Novice: 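Quick one: structure below, then a few questions.
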Amino acid sequence: MYNRSHRMKEPRGDIHARPETSAPRRDFYARLDKKNLAPVWEVLGDLFPVEPHPSCVPALWKYSELRPLLLEAAGLITAEEAQRRVLALDNPGLRGCTQITQSLYAGVQLLLPGEIAPSHRHVSSALRFVIESKGAYTAVNGERTTMHPGDFILTPSWTFHDHGNEGDSPAIWLDGLDFPIVNFFDAGFIERYPEASQPVMRREGDAVARYGTNLLPLEYEAESLTSPIFNYPYARSREALHLLSRNSAPHPCHGFKMQYANPATGGYPMPTIAAFLQFLPSGFLGAASRSTDGTVFCCTEGHGRSRVGASVFEWTEHDIFVVPSWCPVAHEASADAVLFSFSDRPAQKALGFWREHLV
Ligand code: GTQ
């Protein structure tokens, strides 16, 4: 199911032109094939592209279309039966893979009032970006955090997590998971907790008090590759961006863009996934840029448009779009706008792959 086999594509000006296929060569290749052997010179241009040419394509999902379909799903299956009642955002270039980019998955999850998404843990790290919630929570490692719209919430690798909606309206959020990376390595495990909800061991806010107030426990040394705070509240992040926008000039491509940080290390919040928040003031006309980390964007406020390769995506609140690796993107805001985004940048940087080009 996973898109891990090499993709065969027409070479695009690759430095290695495919040699002529003569009859004796074809015959030889057929004999090789029977022995599970293959001539590398036939595929060299595909194996080593001059620059990335991903199967992932630019795509946009309008929230006005997503939301009614999610509610329709709730009429067909409960959160309990589904375990996770999520509509995956399947990249049109990667159909059948349940992936939004080559390395990441994204989906929109719904919990009706009173529902619980039962507790489990998996190797895959996850993030939640909250779209609608009045009284829903996520529990991680014995602590619950209330989900507010715009909050960025983490589920570290191999930690039990369950979600519940104690409010009286539907709770909807964007999920981002790295399981395409985990499955690429065939390193995936999952375990169910014996009950729907894990026991609450600590009062809400404990992690923020311990790690999220510019203080750390005495002589603290990070025990995990993931940030010890698991909710980055929107109100604080938004306020920071607005303040910065009054004190400095916007980046020509990114506007006022910040990355979420692990307060214990200053690094990315998770080993495989980076997340960002950017403020684009009304009238902002961004220059194009591109980078090797295919990126998922979700608009939290305002409206505008992004040129992504040959596509133009008009977005407004809660619309989600994806920018493939090395595809130029330029953002414009027609009203003060905030975009959340996430990508596999930490994984690429750890391996020395990541590149960015400001056009
Ligand atoms: O909340 O743990 O969108 O396990 C897909 C799989 C969310 C989750 C998804 C999951 C989860």
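We use all heavy atoms of the structure for the numbers below, so side chains are in, but hydrogens, waters and symmetry mates are not. No experiment lies behind these values; they were computed from the predicted model shown. We count ligands from 1, going down the list as the structure has it; atoms in each ligand are counted the same way.
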Novice: Taking everything shown except Glu191 itself, do over 12 heavy atoms lie less than 6.0 Å from its CD?
Specialist: yes
Novice: Indicate the ring-plane relationship of His161 and His120, choosing parallel, tilted or perpendicular according to the 30° and 60° boundaries.
Specialist: perpendicular
Novice: If we ignore angles and hydrogens, is there a donor and acceptor under 3.5 Å between the side chains of Ser119 and Glu195?
Specialist: no
Novice: Tell me which protein heavy atom sits closest to atom 2 (O) of ligand 1, plus the residue, atom name and distance to 0.1 Å.
Specialist: His161 NE2, 2.7 Å
Novice: Which atoms of ligand 1 are found less than 4.0 Å from any heavy atom of Tyr105?
Specialist: 3 (O), 5 (C), 9 (C)
Novice: To the nearest 0.1 Å, how far is atom 10 (C) of ligand 1 from its closest protein heavy atom, and which atom is that?
Specialist: Arg84 CG, 3.6 Å
Novice: Between Gln348 and Asp293, is any side-chain donor less than 3.5 angstrom from a side-chain acceptor?
Specialist: no
Novice: Of all the heavy atoms in Phe179, does at least one lie under 4.0 Å from an atom in ligand 1?
Specialist: no
Novice: Provide the number and element of each atom of ligand 1 under 4.0 Å from a heavy atom of His163.
Specialist: 1 (O), 8 (C)
Novice: Tell me, which protein residue and heavy-atom name are nearest atom 7 (C) of ligand 1, and how many Å apart are they?
Specialist: Asp175 OD2, 3.2 Å
Novice: For atom 4 (O) of ligand 1, state which one of Gln109, His120, Arg128, Arg121 supplies the nearest heavy atom.
Specialist: His120
Novice: Show which atoms of ligand 1 fall inside a sub-4.0 Å distance from at least one heavy-atom site of His122.
Specialist: 2 (O), 4 (O)
Novice: Give the ring-plane orientation class for Phe189 versus Trp158, where under 30° counts as parallel, over 60° as perpendicular and anything between as tilted.
Specialist: perpendicular
Novice: Please could you name the atoms of ligand 1 that Val86 approaches to less than 4.0 Å, counting only its heavy atoms?
Specialist: 3 (O), 9 (C)
Novice: Can you confirm whether the side chains of Glu301 and Tyr234 place a donor and an acceptor under 3.5 Å from each other?
Specialist: yes
Novice: Over 60° means perpendicular and under 30° means parallel, so classify the ring planes of Phe321 and Phe313, tilted if in between.
Specialist: tilted
